[in-house]
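These notes are about the structure you will find just below.
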There are 2 protein chains.
Amino acid sequence: MSAQIQDSKTPSQLNIDCKNCALEKMCFPAKIDAEELVEFNQLVIHHKPAKRGQYWYRAEQQFRSIFVVRSGCVKTLVITRAGNQQIRGFYLPGEMFGLDALGTGRYTTSAQVLQSSSVCEIPFSKLDEICSLLPSLQRQLLHIMSKEIHNEQCLIAMLGNTTAEERVAAFLCSMSQRFSLRGFSANEFILGMPRIDIGNYLGLAVETVCRVITRFQKKRLLTAQGKHIKILKLEQLYETASVTLPCTSAPH
Amino acid sequence: MSAQIQDSKTPSQLNIDCKNCALEKMCFPAKIDAEELVEFNQLVIHHKPAKRGQYWYRAEQQFRSIFVVRSGCVKTLVITRAGNQQIRGFYLPGEMFGLDALGTGRYTTSAQVLQSSSVCEIPFSKLDEICSLLPSLQRQLLHIMSKEIHNEQCLIAMLGNTTAEERVAAFLCSMSQRFSLRGFSANEFILGMPRIDIGNYLGLAVETVCRVITRFQKKRLLTAQGKHIKILKLEQLYETASVTLPCTSAPH
DNA sequence: CGTTGTCTTGACGATTGTCAATGGTTGTGG
DNA sequence: CCACAACCATTGACAATCGTCAAGACAACG
């Protein structure tokens, strides 16, 4: 089952350069200098936008690349023994996925496009070569991975909360934070994923997610029209989330 | 608040050598050669056993070292806004903690001794130096971090389960696996942590953890006498856990 | 403009948290 | 070795929360 995105159409590279990318400051090459950036740019595959539902890789496939979201939203998931999908993470612009495969040599999750999104692919064999020449890049990679660990610890914090309100609040705070760190508004954003995926991710039924959001609206903490979220009382939302945020993905 | 373990008594180094350590095969220097191991061993601080309740580091403190559990059990935790502790992870012999600090330069959790345990400390500044000389060690560090990411994804999987039975089953399976990977029995082990910490970790009340374990005993899936767990039907426990395990810490 | 998927709400039953009580375990100091 | 004090594990009763089922509104998309 070679079910990569290349199956249906072969996406060619776009004429995009790391140097001009809006994400440059928060992406992989954030701390390397101009000359090195040119070199780095050459190994990156800047894919054309991919449509909803398509896969960047599937669980068990051999590790080949690390990916960075340029726009849109990507989710990672596994299929449980019962045959259900369980969502492991959402990735917003500037965030990196595929890192978990580095240790085992195989992807442990599948990565699927949620909103149509553009993604950059960094083949690891080449990255590894370059890293051994550029200590700063090597260090940058370590930092990104450490941040990833930190992010996941924060997700764990979120899921460790016992009540649905705490979890949903923590989820929204984490989203707010991630958007904010990428230069978007911390108070108003469009969620890239449907409620059912949020529920799956948080270990809650869709209906519970909806009801909690409705409750938050009645308390005037926020307004929500579908995926469009506007947070009115961020501080109070953080209090509801209870756990020690801020947590997620600072620019690398 | 300099609340490290050194406060009460200054633990001196033990006369222990990485070369003779039972964990050598699954620890940090697993893949480096004999000469390099000597060098590596010199930078490791082999601490004397620490007592229950003592801290190895606290959240917000400046990152200085990575730690490896040699024996016993260590938990990492944060204090929530409400002033409660939330447990982020348990670390068994051969497992490494403190990795999340690498990116931010500060520990994001506090690390506290559960069962009295021995720990090795690896000062990072020196490790960083050695790593730039030994590419194999550098690569090993990346692998360890990637594994850590994978582990946490598995925890996320566990917490993403909606029912208490699924969560507790997943927790026990994960423990079974981790013990097994370290050469202990997969079916019979002593949990290093009290029920209340398991509950906290899983987002469940203590009583629920107890009741689920009692239910498992009635179903003859396992027997439990306090912390002593004996799994009778591991396969069925995995089915109850639902999520795709195996997941945790393969030897690095 | 219909089709499909998503969001929202209500009703009800199952699960889980809270409170309270009891017995067991572990560790400490005499 | 014993006695005591913490701490821990377990169980029951009851209330709150959450999942399930069902139905309808809304939105996105071809």
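Order of the sequence lines fixes the chain letters, A, B, ..., with proteins taken first and strands second; residue numbering starts at 1 for each chain. Atom set for the values below is all heavy atoms of this structure, side chains included, hydrogens, waters and symmetry mates excluded.
- Here the P atom of nucleotide D/dA9 and the CD atom of B/Gln217 are 13 Å apart, to the nearest Å.
- Distance OH/A/Tyr91 to OG1/A/Thr76: 4.0 Å, rounded to 0.5 Å.
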Legend entry - B/S/- contact track for nucleotides 15-25 of chain C, protein heavy atom under 4.0 Å: -SSBBB-----
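- Under a cutoff of 6.0 Å and an axis angle of 45°, B/Arg182 and B/Phe184 do not form a cation-pi pair.
- The stretch residues 185-206 of chain B participates, sequence neighbours left out, in these ring-ring contact (aromatic ring centres under 6.0 Å, His included) pairs: B/Phe90-B/Tyr201, B/Phe171-B/Tyr201, B/Phe179-B/Phe189.
- Environment of CG in A/Leu234: crowded, with over 12 heavy atoms of neighbouring residues, nucleotides or ligands closer than 6.0 Å.
- Protein atom CG of B/Leu114 is 16 Å distant from nucleotide atom C1' of C/dG27, rounded to whole Å.
- Applying the salt bridge (Lys or Arg N to Asp or Glu O under 4.0 Å) test to pairs two or more places apart or on separate chains, those with a residue in residues 155-174 of chain A are A/Glu165-A/Arg215, A/Glu165-A/Lys219.
- As rounded to whole Å, 13 Å separates atom P of D/dT10 from atom NE2 of B/His228.
- Distance NZ (A/Lys218) to C1' (C/dT8): 11 Å, rounded to an integer number of Å.
- The CG-C1' distance, from B/Asn161 to D/dG19, rounds to 15 Å in whole Å.
- Remark: P of D/dA27 and CD of A/Gln225 are 8 Å apart, rounded to the nearest angstrom.
- Residue pairs meeting the ring-ring contact (aromatic ring centres under 6.0 Å, His included) criterion with at least one partner in residues 205-230 of chain A, sequence neighbours excluded, do not occur; the list is empty.
- Contacts classified as salt bridge (Lys or Arg N to Asp or Glu O under 4.0 Å) and involving residues 192-206 of chain B (residues at least two apart or in different chains) are given here: B/Lys75-B/Asp197.
- A donor-acceptor contact shorter than 3.5 Å is absent between the side chain of B/Ser180 and the backbone of B/Ser185.
- Following rounding to the nearest Å, B/Ile213 (CD1) and D/dC8 (P) show an atom-to-atom distance of 15 Å.
- For the pair A/Leu202 CG and D/dT17 P, the computed distance is 18 Å after rounding to whole Å.
- Taken residue by residue, residues 190-198 of chain B places heavy atoms nearer than 4.0 Å to DNA chain D at B/Pro194, B/Arg195, B/Ile196.
- Residue B/Arg52 places at least one side-chain N or O under 4.0 Å from the OP1 or OP2 atom of D/dC8.
- The side chain of B/Lys227 contributes an N or O atom lying less than 4.0 Å from OP1 or OP2 of D/dA9.
- Atom CG of B/Leu232 has more than 12 heavy atoms from other residues, nucleotides or ligands within 6.0 Å.
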